[in-house]
Amino acid sequence: MKFFIDTANVEDIRKANDMGVICGVTTNPSLIAKEGRDFKEVIKEITSIVDGPISGEVKATTEDAEGMIKEGREIAAIHPNMVVKIPMTVEGLKATKVLSSEGIKVNVTLIFSANQALLAARAGAAYVSPFLGRLDDISQPGINLIQDIADIFANYDLKTEIICASVRNPIHITDCALAGADIATVPYKVIEQMVHHPLTDAGIEKFKKDYIAVFGELCN
């Protein structure tokens with residue numbers, strides 16, 4: 001399973017990229033707005049850091065296919081690595097069909113059912129983004145959705161990749177990997193949490209103490 005980072009914070013993207021664990025970036029209007037910067041300016045800076053798929057979403061206020069297609073083409077023109085994020089609606093599917101037919105990669109987002117994922121794949125989406133955490137929030141096991149989509153795509157040899165979105169913790173990551181997801185897009189804080197384990201931290205401290213006890217005076 002591959003890792004994307006889900007943020008528009010350039011510093012977090014740099015830190016994750018330096019770790020060597022991410023190969024793409026996803027953003028959305030809320031993340032861009034949180035940074036208080038121009039959309040294209042942020043995207044261009046991201047493309048200079050990460051050499052991989054970078055999802056940029058059409059405006060939340062754009063609801064018609066014609067508008068999504070226009071914005072999608074503008075997003076795709078920013079950089080060859082751009083992926084256009086389109087919401088899962090009837091108009092979104094129309095836009096996905098047109099953009100994908102033009103060779104533009106589309107990430108259909110806000111997926112909450114296997115049927116939605118299947119429709120998006122058939123419309124030509126390169127990626128689908130089922131939202132794991134938001135289903136958990138309403139007491140529906142989000143990981144079941146990931147498993148269902150993975151099974152359906154495997155049944156029909158669909159090439160659309162599954163991006164686990166709305167990931168809240170390291171347990172979500174393990175579950176998504178076991179369920180057969182292609183990608184998990186995660187906030188930087190979750191990547192940091194994945195690095196740590198109490199026994200690892202305790203082991204490092206013990207090694208330090210043992211080393212200082214034996215070699216401490218020589219180092220001084």
Side-chain angles (χ1 to χ4, degrees), residues 1-9 12-13 16 21-34 52-58 60 83-93 95-96 105-197:
M1 187 174 72
K2 296 175 286 189
F3 291 98
F4 290 176
I5 185 169
D6 190 33
T7 185
N9 183 289
D12 282 351
I13 292 170
V21 297
I22 64 165
C23 58
V25 179
T26 57
T27 65
N28 61 46
S30 297
L31 292 173
I32 294 284
K34 186 178 178 181
I54 298 165
S55 291
E57 192 162 347
V58 297
V83 176
V84 180
K85 280 180 81 174
I86 298 284
M88 177 61 212
T89 63
V90 169
E91 294 298 298
L93 291 175
T96 298
K105 289 187 176 181
V106 176
N107 173 5
V108 177
T109 188
L110 292 170
I111 297 285
F112 290 97
S113 76
N115 284 338
Q116 289 179 324
L118 182 56
L119 288 171
R122 287 306 188 191
Y127 306 94
V128 291
S129 290
F131 277 44
L132 185 64
R134 293 194 192 184
L135 282 172
D136 287 353
D137 290 344
I138 60 169
S139 299
Q140 291 187 15
I143 195 59
N144 290 358
L145 172 59
I146 308 300
Q147 183 68 68
D148 287 347
I149 296 172
D151 288 346
I152 290 170
F153 283 13
N155 282 347
Y156 300 100
D157 196 27
L158 296 174
K159 303 305 181 185
T160 302
E161 293 190 83
I162 303 166
I163 303 178
C164 291
S166 188
V167 169
R168 305 283 175 78
N169 54 62
I171 294 174
H172 277 164
I173 299 294
T174 303
D175 288 344
C176 287
L178 289 170
D182 300 287
I183 301 157
T185 185
V186 296
Y188 181 70
K189 68 176 183 180
V190 175
I191 295 175
E192 283 188 313
Q193 290 169 348
M194 291 171 65
V195 171
H196 295 287
H197 188 282

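Everything quoted here is computed from the prediction, not taken from an experiment. The figures that follow rest on heavy atoms only: side chains count, while hydrogens, waters and symmetry mates do not.
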**Prompt:** Which atom pair, heavy atoms only, marks the closest approach of V190 to V167?
**Reply:** CG2-O, 4.2 Å

**Message:** Quick check: closest heavy atoms across G180 and A150, and the distance to 0.1 Å?
**Reply:** O-CB, 4.2 Å

Please table the atom pairs, donor to acceptor, closer than 3.5 Å between any side-chain atom in residues 114-125 and protein atoms at least two apart or in another chain.
unit_1 : atom_1 : unit_2 : atom_2 : d
Q116   : OE1    : F112   : N      : 2.6
Q116   : OE1    : S113   : N      : 3.2

**Item:** Result of checking D6, I183, I163 against S129 for side chain to side chain contact (heavy atoms under 4.5 Å, CB included)
**Value:** I163

**Message:** A side-chain contact here means heavy atoms from C-beta on lying under 4.5 Å apart; do F4 and I54 qualify?
**Reply:** no

**Close side-chain approach of L145 to I149, heavy-atom, < 4.5 Å** = yes

**Message:** Is it the case that the side chains of Q147 and D151 hold a donor-acceptor pair, with the cut-off being a distance below 3.5 Å and no angle test?
**Reply:** yes

**Contact summary for I162 and D182, nearest pair of heavy atoms** = N-OD2, 2.7 Å

**Message:** Assess whether a salt bridge exists between D157 and K159, defined as any Lys/Arg side-chain N lying under 4.0 Å from an Asp/Glu carboxylate O.
**Reply:** yes

**Message:** So for atom CG, which belongs to L178, do other residues, nucleotides or ligands contribute more than 12 heavy atoms lying within a distance under 6.0 Å?
**Reply:** yes

**Request:** Locate the shortest heavy-atom distance separating K85 from N28; write the atom from each residue and the value.
**Result:** NZ-CB, 4.0 Å

**Message:** Within the 4.5 Å heavy-atom criterion, are T7 and Y188 side-chain neighbours or not?
**Reply:** no

**Request:** Tell me, with the steps shown, if D137 and R168 meet salt bridge (Lys or Arg N to Asp or Glu O under 4.0 Å).
**Result:** CA-CA 11 Å; D137 290 344; R168 305 283 175 78; 3.0 Å; yes

**Message:** Strictly distance-based, threshold 3.5 Å: is any side-chain N or O of S166 a donor or acceptor partner for the main-chain N or O of R134?
**Reply:** yes

**Request:** Please tell me if the side chains of D136 and H172 come closer than 4.5 Å, counting only heavy atoms from C-beta onward.
**Result:** yes

**Asked** Does T185 reach the side chain of F3, with side-chain heavy atoms less than 4.5 Å apart?
**Response** no

**Request:** Please name the pair of heavy atoms, one in V128 and one in N107, separated by the smallest distance, quoted to 0.1 Å.
**Result:** C-OD1, 4.0 Å

